[in-house]
Student: 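Structure provided below as structure tokens; questions to follow.
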Amino acid sequence: RDSESQVIDYYEVQIAKGMGIITQQHIICSQHTVNMANEFDLDVVVLERNILDVLVSLRDFLLSEEMQNSRKRFGGFLNTGQQFLVDEEFYEMDDSERYDFLILYALPWYIHFHMTWRKYHSFFKKPPLRLTYESFFADIEGSVKQILSHCDLSHLNHKISECLNPSGNTRLNQGLP
């Protein structure tokens, strides 16, 4: 059974309808995802990553200062959201053991993610735009144009440069006008 945290919330989408909201979620695709996208005309963009890169990035993320602080706040445990917990034992492992742990407990979720988006792709009224991290970061401006076009927002292409190279005092997680 899929975790409730990995589905699109029907009531939240109803509330946000017509507000022009962009959200980022790490979710697998399911019939529920397809139904929500079709019912609410959601523009879906799927950013996928090379599975080996996922393991390295996930290990680095779990070892990051941010995660170390979170782990201390939550009694030594980290809930990754990908259906596995990390405890003190993970941090006592050497890198080889950490990779073995991630392959055993994390990799299945990522494989499931990739396969569900592949499986349900054709059921969307408007198929999701699928991008890879490699292609996205090889041409960020071109990728953003592709996303805007997919979302029928090409009229905002002139804002891309400003958003990618902001001037002045900006805050993270705060949109530009």
Side-chain angles (χ1 to χ4, degrees), residues 1-9 12-13 16 21-30 33 42-118 128-148 151 159-176:
R1 174 150 158 45
D2 300 327
S3 168
E4 291 298 318
S5 67
Q6 296 174 342
V7 297
I8 300 171
D9 186 296
E12 291 295 327
V13 174
I21 291 176
I22 297 172
T23 186
Q24 177 222 342
Q25 288 187 267
H26 292 93
I27 60 171
I28 60 161
C29 192
S30 64
T33 308
L42 303 178
D43 295 313
V44 178
V45 178
V46 180
L47 189 59
E48 296 178 289
R49 196 159 192 183
N50 174 301
I51 207 74
L52 298 177
D53 289 345
V54 166
L55 290 173
V56 173
S57 291
L58 184 55
R59 186 222 42 196
D60 291 349
F61 175 68
L62 291 171
L63 296 174
S64 71
E65 183 177 344
E66 174 188 356
M67 289 298 99
Q68 296 290 344
N69 292 335
S70 291
R71 182 171 58 92
K72 290 172 187 166
R73 278 195 316 272
F74 295 108
F77 287 93
L78 280 178
N79 183 345
T80 64
Q82 280 81 26
Q83 306 212 1
F84 71 96
L85 292 173
V86 175
D87 63 11
E88 200 61 42
E89 189 175 329
F90 178 82
Y91 295 94
E92 295 168 0
M93 296 175 182
D94 64 31
D95 263 351
S96 176
E97 293 171 314
R98 285 185 188 125
Y99 282 123
D100 288 344
F101 175 89
L102 293 174
I103 289 167
L104 185 61
Y105 295 107
L107 194 58
W109 185 90
Y110 288 96
I111 291 171
H112 188 63
F113 173 88
H114 286 281
M115 296 310 295
T116 59
W117 283 102
R118 183 173 291 171
L129 172 62
R130 294 177 69 172
L131 298 171
T132 66
Y133 266 61
E134 294 81 9
S135 66
F136 182 86
F137 287 106
D139 180 12
I140 295 174
E141 187 167 338
S143 296
V144 172
K145 283 182 182 177
Q146 218 180 337
I147 293 167
L148 290 175
C151 299
K159 293 278 197 179
I160 295 172
S161 182
E162 178 184 342
C163 291
L164 293 177
N165 305 300
S167 60
N169 188 12
T170 61
R171 279 184 30 206
L172 294 176
N173 296 327
Q174 178 178 328
L176 296 174

Student: Atom CG in Leu129, atom CD1 in Ile147: separation rounded to 0.5 Å?
Tutor: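 Going from the CG atom of Leu129 to the CD1 atom of Ile147 covers 6.5 Å.
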Student: Please indicate whether Leu104 has more than 12 foreign heavy atoms, meaning atoms of other residues, nucleotides or ligands, lying under 6.0 Å from its CG.
Tutor: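 For Leu104, atom CG is crowded (more than 12 foreign heavy atoms under 6.0 Å).
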Student: Per the side chain to side chain contact (heavy atoms under 4.5 Å, CB included) rule, which among Asn50, Val54, Val56 passes with Leu52?
Tutor: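 Single pass found, and it is Asn50.
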Student: Enumerate the side chain to side chain donor-acceptor pair (under 3.5 Å) contacts for residues 135-145, please, sequence neighbours excluded, ordered by first and then second residue.
Tutor: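 Every side chain to side chain donor-acceptor pair (under 3.5 Å) pair that includes a residue of residues 135-145, provided the two are not neighbours, is Thr132-Ser135.
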Student: How long is the straight-line distance from CG of Leu107 back to OH of Tyr99, given to the nearest 0.5 Å?
Tutor: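 Going from the OH atom of Tyr99 to the CG atom of Leu107 covers 12.5 Å.
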Student: Using a 3.5 Å distance criterion without hydrogens, assess whether the side chain of Glu97 forms a donor-acceptor pair with backbone atoms of Asp94.
Tutor: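 Answer holds: yes.
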Student: Is there a donor-acceptor contact under 3.5 Å from the side chain of Tyr91 to the main chain of Val86?
Tutor: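 No, Tyr91 side chain to Val86 backbone: no donor-acceptor pair under 3.5 Å.
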Student: Are there over 12 heavy-atom neighbours, none belonging to Arg130, within less than 6.0 Å of that residue's CZ?
Tutor: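 Enclosed.
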Student: Does some side-chain heavy atom of Asp53 sit less than 4.5 Å from a side-chain heavy atom of Tyr133?
Tutor: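 Side-chain contact under 4.5 Å: no.
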Student: Search all heavy atoms of Pro108 against all heavy atoms of Ile103 and return the closest pair with its distance.
Tutor: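 In this case the closest contact between Pro108 and Ile103 is CD-O, 3.5 Å.
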Student: Just how far is it from atom CG of Leu62 to atom CZ of Phe90, taken to the nearest 0.5 Å?
Tutor: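 Here the rounded value is 5.0 Å.
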Student: Rounded at 0.5 Å granularity, tell me how far OG1 in Thr116 sits from CD1 in Ile111.
Tutor: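 Going from the OG1 atom of Thr116 to the CD1 atom of Ile111 covers 12.0 Å.
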Student: Looking at residues at least two apart in the chain, or sitting in another chain, which of them share a side-chain hydrogen bond (donor to acceptor under 3.5 Å, both in side chains) with Asp95?
Tutor: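 Counting only residues at least two positions away or on another chain, Asp95 forms a side-chain hydrogen bond (donor to acceptor under 3.5 Å, both in side chains) with Arg59, Arg98.
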Student: Residues in side-chain contact (heavy atoms from CB on, under 4.5 Å) with Asp100, at least two apart?
Tutor: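 Asp100 satisfies side-chain contact (heavy atoms from CB on, under 4.5 Å) with Ser96 only.
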Student: Please check if atom CD in Glu65 has more than 12 non-hydrogen atoms from other residues, nucleotides or ligands closer than 6.0 Å.
Tutor: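 No, CD of Glu65 has 12 or fewer neighbouring heavy atoms, counting only those of other groups under 6.0 Å.
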Student: Measuring from atom NE2 of His114 to atom SG of Cys29, what distance do you get when rounded to the nearest 0.5 angstrom?
Tutor: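 Separation between the atoms: 13.5 Å.
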Student: Considering non-hydrogen atoms only, spot the tightest contact between Val46 and Phe113 and give its length.
Tutor: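 Heavy atoms of Val46 and Phe113 come nearest at CG1-CZ, 4.0 Å.
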Student: In Å, rounded to the nearest 0.5 Å, how long is the span from CH2 of Trp117 to OG1 of Thr33?
Tutor: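 Output value for this atom pair is 5.5 Å.
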